[in-house]
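Step one of this worksheet: look at the structure below.
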Amino acid sequence: MKLSFQFARKKPFKTVGYLVLTGISFVLLLFFFTYVGLFGHVPNKKELASLKNPVTSTIFGSDKKPIAYFYMQNRSNIDSLQLNPYLKKALVATEDVRFYEHAGIDYKSYARVLLKSVVLQQGKGGGSTITQQIAKNIFGRKDFWFLSTPISKMREVIIAKRLENLYTKEELLLLYFNTVSFGENLYGIEKAAQRFFNKTPEKLNLAECATLVGVLKAPTYYNPRRNPINATNRRNTVLDQMVKYAAITAEEATAAKTPIVLNYTPPEKNSSLSGYYKEFVKKEFEIWANENPTAEGGIYDLEKDGLNIYTTLQPNIQKYAENAMVRNIERLQKSMAEFWESNTTQGGKEAFINKLMKQQPKVKQLQNQGKTPEEIEQYLQKVTARKYWEVNKGFEPRQQSYQDSVISAIVRLHTGILAMNSRSGAILGYLGGIDYGFSQIDNIKSPKQVGSTFKPITYLTALQHGIDPCDFYDNTLRTYSQYENWQPRNSSGSYGGSYSVHGALANSVNTISVALQMQVGVPKVKKQAEKMGITATIPDVPSIVLGTADVNLLEMVTAYASISNGGQLVQPYMIQKITNEEGKVLFEAKPKYKGRVASEKSIKQLQQIMGEVITEGTGTSFNSYNIPFNIIGKTGTTQNNGDGWFIGASPEIVVGAWVGTQDKRVHFKSTSLGSGARTAMPMVASVFKSLSSWTRPMLTNFEYETPYFKCPAYSELSANEAKSFYASDSTYLKELQLKSMVISLDSLPSKTSDSLVVQ
């Protein structure tokens with residue numbers, strides 16, 4: 001170090017020369033690494049040529065018929081005749097005055113940036129040409145730590161040079177205006193012109209063109225609706241630039257500097273039920289694409305590459321799920337609107353409404369205007385036609401007061417329904433919400449408190465550790481002092497006697513479920529849940545057996561699939577095959593089991609217990625659908641009736657549903673209204689009912705060694721007395737023989753399926 005310092009003092013000019021040479025070498029080396037793709041693929045000529053006319057990718061259902069499409073961003077293309085001359089002049093004058101002179105790189109601009117930003121520290125300008133901005137807009141930037149900016153700039157320079165060799169200047173301007181973002185999820189000048197001025201681009205006047213070009217510098221800061229003063233100032237700067245470079249006259253600029261007048265058209269929300277599975281496919285595709293680059297080292301793009309995505313989605317089953325949701329959500333919503341409560345808010349429902357109204361921006365605006373409480377209340381209660389989202393229809397007028405419209409949004413029920421092939425993990429039906437146009441939250445992938453649907457995992461853990469379905473536990477209200485005197489209660493409010501293990505799960509008895517949880521221990525149950533495909537964080541508390549953990553519907557259905565298929569873990573998937581435009585197969589799914597989750601004996605016992613949920617437990621209303629197969633399942637209802645769950649299964653297919661509000665401050669008044677048996681079960685049952693009507697049903701029956709457990713679900717005897725009594729009492733044993741004879745006479749022949757198999 002000392003020697004280097006002495007050398008620098010003795011030979012300063014040579015030292016500076018070495019430093020400059022080192023810097024230049026580093027930059028050249030960095031550029032070379034960027035060019036060859038060391039820092040990520042740089043689009044080649046073929047990929048860039050496709051930007052002009054990006055090819056739509058198509059999603060196919062399991063019947064090989066198209067069910068959805070992917071387009072490049074939220075935009076629509078215009079042709080050169082629709083591109084307003086003022087737009088081109090404003091853009092060039094503001095962003096790239098030498099656009100028609102350079103070949104993608106403006107060296108004078110870079111020299112200006114170097115002088116002002118680096119030497120003089122004035123922070124002026126960015127130096128990127130319009131062509132470089134096209135590269136940035138379309139291909140984005142990646143994070144390379146402290147080298148992010150230079151690497152991104154070099155990448156954009158390379159892409160810009162290639163673009164200039166492929167396209168004319170007019171084509172580049174058109175490509176820019178068709179792909180650039182104007183904020184508000186708007187891409188392309190056509191959508192921006194329609195949104196802000198309700199015009200097509202060719203009909204914009206000079207002031208409007210300057211306004212929209214001004215927005216591009218910072219779409220949020222210069223948004224003419226949200227920040228009109230900023231937008232006006234920026235528009236005037238654009239006009240001045242146009243005068244400076246002789247694109248317009250000073251008189252034209254002065255005439256255009258009037259207050260901005262918008263004709264704002266809010267985005268039209270269209271009813272859609274396909275948006276949820278489209279997003280799932282997109283996420284699954286992106287994972288595959290990042291792991292499987294193109295032959296040239298690029299990344300496959302759904303919105304440009306014209307791929308064919310063949311999915312496992314069965315159109316019939318998807319339609320069953322959609323019909324079940326639409327049919328049931330209207331009934332449930334009417335009930336919710338009439339019988340909702342807010343016990344979680346101090347003061348209850350009325351206090352919640354008052355607090356909610358005070359938080360409304362409109363109320364705060366009226367208060368700032370000096371309106372009296374009486375005048376504000378009058379405004380809140382005035383009934384008029386207001387927009388209300390009708391599921392599967394979109395916005396429709398409804399006579400409501402302002403207060404009622406706010407409340408109707410808060411108490412809106414949401415849902416998610418998922419159908420999966422339990423033997424392969426193939427997703428057969430995917431409905432993430434009530435309407436993608438209304439809510440883009442995917443309730444299949446967003447975690448919710450699972451309620452009693454978690455109980456089978458604890459019971460399976462118990463069976464795995466030697467607990468027998470005919471072991472009895474006292475139905476006693478216990479206090480657990482080690483957990484802050486926690487006292488788990490039964491939803492029925494009844495205590496006394498004892499339940500067998502199978503009876504406790506079938507009837508969802510909390511006292512005994514917690515006793516089992518305490519006996520086997522939280523770590524073992526968490527490990528069992530992980531084996532069954534649950535990756536969500538599960539708290540280290542015994543209340544997990546009551547469903548206090550947040551787990552999404554996808555993972556819960558996956559866990560139930562391992563129960564219904566005999567104990568094998570599956571990996572959920574929707575993409576079956578991917579081909580390119582020429583039909584070449586790029587990917588084909590090969591599902592396989594990921595390991596056993598429990599012994600065959602324990603799984604068989606759990607299947608039979610979960611069958612009792614339907615036949616004589618909390619899910620008996622399922623029987624009213626007269627489905628001729630012995631479906632197994634479990635209901636779930638969370639505290640305050642905020643979430644309702646039901647997951648049902650045959651040996652081949654699992655169908656799960658969740659119903660609830662997004663705002664957990666509101667919920668159904670009582671369990672009789674908000675239980676999973678009333679909210680979620682009808683949706684699942686409807687799907688199974690439709691499946692059972694097929695000429696060649698995909699459903700089959702579960703088969704058990706004996707058709708019943710050799711002990712009752714409930715006994716008035718204590719746990720110590722019950723097991724030995726029912727094992728030896730002659731009267732009870734005689735009843736079992738008679739029961740066996742009746743079941744043998746009434747049992748249906750087992751149906752077979754050739755529809756669903758692991759591939």
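Here the structure is a predicted model, which means the values were calculated and not measured. Worth knowing before you read on, the calculation uses all heavy atoms, side chains too, and leaves out hydrogens, waters and symmetry mates.
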Any chance you could measure [X], atom [atom1], to [Y], atom [atom2], to the nearest 0.5 Å?
X: Leu431; Y: Ser274; atom1: CG; atom2: OG; value: 10.5 Å
X: Arg162; Y: Asn165; atom1: CZ; atom2: CG; value: 10.0 Å
X: Lys584; Y: Ile578; atom1: NZ; atom2: CD1; value: 13.0 Å
X: Lys445; Y: Glu279; atom1: NZ; atom2: CD; value: 8.5 Å
X: Ile189; Y: Leu186; atom1: CD1; atom2: CG; value: 10.0 Å
X: Leu413; Y: Ile434; atom1: CG; atom2: CD1; value: 8.0 Å

Side chain to side chain, [X] and [Y], heavy atoms closer than 4.5 Å:
X: Leu83; Y: Glu202; result: no
X: Gln367; Y: Ile376; result: yes
X: Leu212; Y: Glu208; result: no
X: Phe70; Y: Ile59; result: yes
X: Val215; Y: Val213; result: no
X: Arg412; Y: Val391; result: yes
X: Leu172; Y: Leu163; result: yes
X: Glu390; Y: Phe438; result: no

Please check if the side chain of [X] supplies one atom and the backbone of [Y] the other of a donor-acceptor pair under 3.5 Å.
X: Lys169; Y: Phe99; value: yes
X: Asp305; Y: Asp301; value: yes
X: Lys161; Y: Gly104; value: no
X: Gln365; Y: Lys362; value: no
X: Asp435; Y: Ser272; value: yes
X: Thr661; Y: Val666; value: yes
X: Asn443; Y: Gly432; value: yes

Discussion item. Restricting to ring-ring contact (aromatic ring centres under 6.0 Å, His included), what partner residues turn up for Tyr388, sequence neighbours left out?
Written reply: none
Practice prompt. List in chain and number order the residues that pass ring-ring contact (aromatic ring centres under 6.0 Å, His included) with Phe182, two or more places apart in sequence or in another chain; answer none if no residue qualifies.
Written response: none
Just checking, is any N or O donor in the side chain of [X] or [Y] under 3.5 Å from an acceptor N or O on the other one?
X: Glu164; Y: Thr131; answer: yes
X: Gln132; Y: Thr129; answer: yes
X: Gln194; Y: Asn198; answer: yes
X: Asp240; Y: Thr237; answer: no

Could you tell me which non-hydrogen atom of [X] sits nearest to which non-hydrogen atom of [Y], and how far apart they are?
X: Glu190; Y: Pro201; value: CA-CG, 3.7 Å
X: Ser408; Y: Gln400; value: OG-NE2, 3.5 Å
X: Gln381; Y: Gln403; value: NE2-OE1, 3.1 Å
X: Ala90; Y: Val238; value: CB-CG1, 3.8 Å
X: Phe587; Y: Ile575; value: CE2-O, 3.7 Å
X: Thr232; Y: Ile260; value: OG1-CD1, 3.5 Å

Discussion item. Evaluate Thr94 against Gln241 for side chain to side chain donor-acceptor pair (under 3.5 Å), listing each step before the verdict.
Written reply: CA-CA 6 Å; Thr94 308; Gln241 286 290 104; 5.7 Å; no
Worksheet item: Knowing that exactly one of Tyr436, Tyr430, Tyr277 qualifies, which makes a side chain to side chain donor-acceptor pair (under 3.5 Å) with Asp442?
Response: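 Result: among Tyr436, Tyr430, Tyr277, Tyr430 is the only option passing the side chain to side chain donor-acceptor pair (under 3.5 Å) with Asp442.
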Discussion item. One pair to check against side chain to side chain contact (heavy atoms under 4.5 Å, CB included): Asn84 and Asn205. What are the steps and the verdict?
Written reply: CA-CA 9 Å; Asn84 195 306; Asn205 60 37; over 6 Å; no
Practice prompt. Quick one: do Glu322 and Asn392 satisfy side chain to side chain donor-acceptor pair (under 3.5 Å)? Show the steps, please.
Written response: CA-CA 9 Å; Glu322 292 172 2; Asn392 212 27; over 6 Å; no
Item to complete: Might you work through the salt bridge (charged side-chain N to carboxylate O under 4.0 Å, His left out) test for Glu170 and Lys88, ending with a clear yes or no?
Response: CA-CA 9 Å; Glu170 292 303 309; Lys88 294 190 287 185; 2.9 Å; yes
Item to complete: Kindly write out the residues that satisfy side-chain contact (heavy atoms from CB on, under 4.5 Å) with Glu252, not counting sequence neighbours, or none if the list is empty.
Response: Tyr86, Leu206, Ile248, Thr249
Worksheet item: Among all residues two or more places apart in sequence or in another chain, which pass the side-chain contact (heavy atoms from CB on, under 4.5 Å) test with Thr579?
Response: Asn308, Tyr310, Lys577, Val585
Discussion item. Once salt bridge (charged side-chain N to carboxylate O under 4.0 Å, His left out) is applied, what residue pairs with a partner in residues 374-386 remain, sequence neighbours excluded?
Written reply: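 The answer is none; no pair qualifies.
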Item to complete: With sequence neighbours excluded, give me every side-chain hydrogen bond (donor to acceptor under 3.5 Å, both in side chains) pair touching residues 211-230.
Response: Glu184-Asn223, Glu184-Arg225, Arg225-Tyr264
Practice prompt. Verify the neighbour count for atom NZ of Lys664: are there more than 12 heavy atoms of other residues, nucleotides or ligands below 6.0 Å?
Written response: yes
Fill in: Plane angle bin for Trp288 and Phe285 - parallel if under 30°, tilted between 30 and 60°, otherwise perpendicular
tilted
Worksheet item: Parallel, tilted or perpendicular: which fits the ring planes of Tyr379 and Tyr402, with parallel below 30° and perpendicular above 60°?
Response: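 Geometry flag for Tyr402 against Tyr379: tilted rings.
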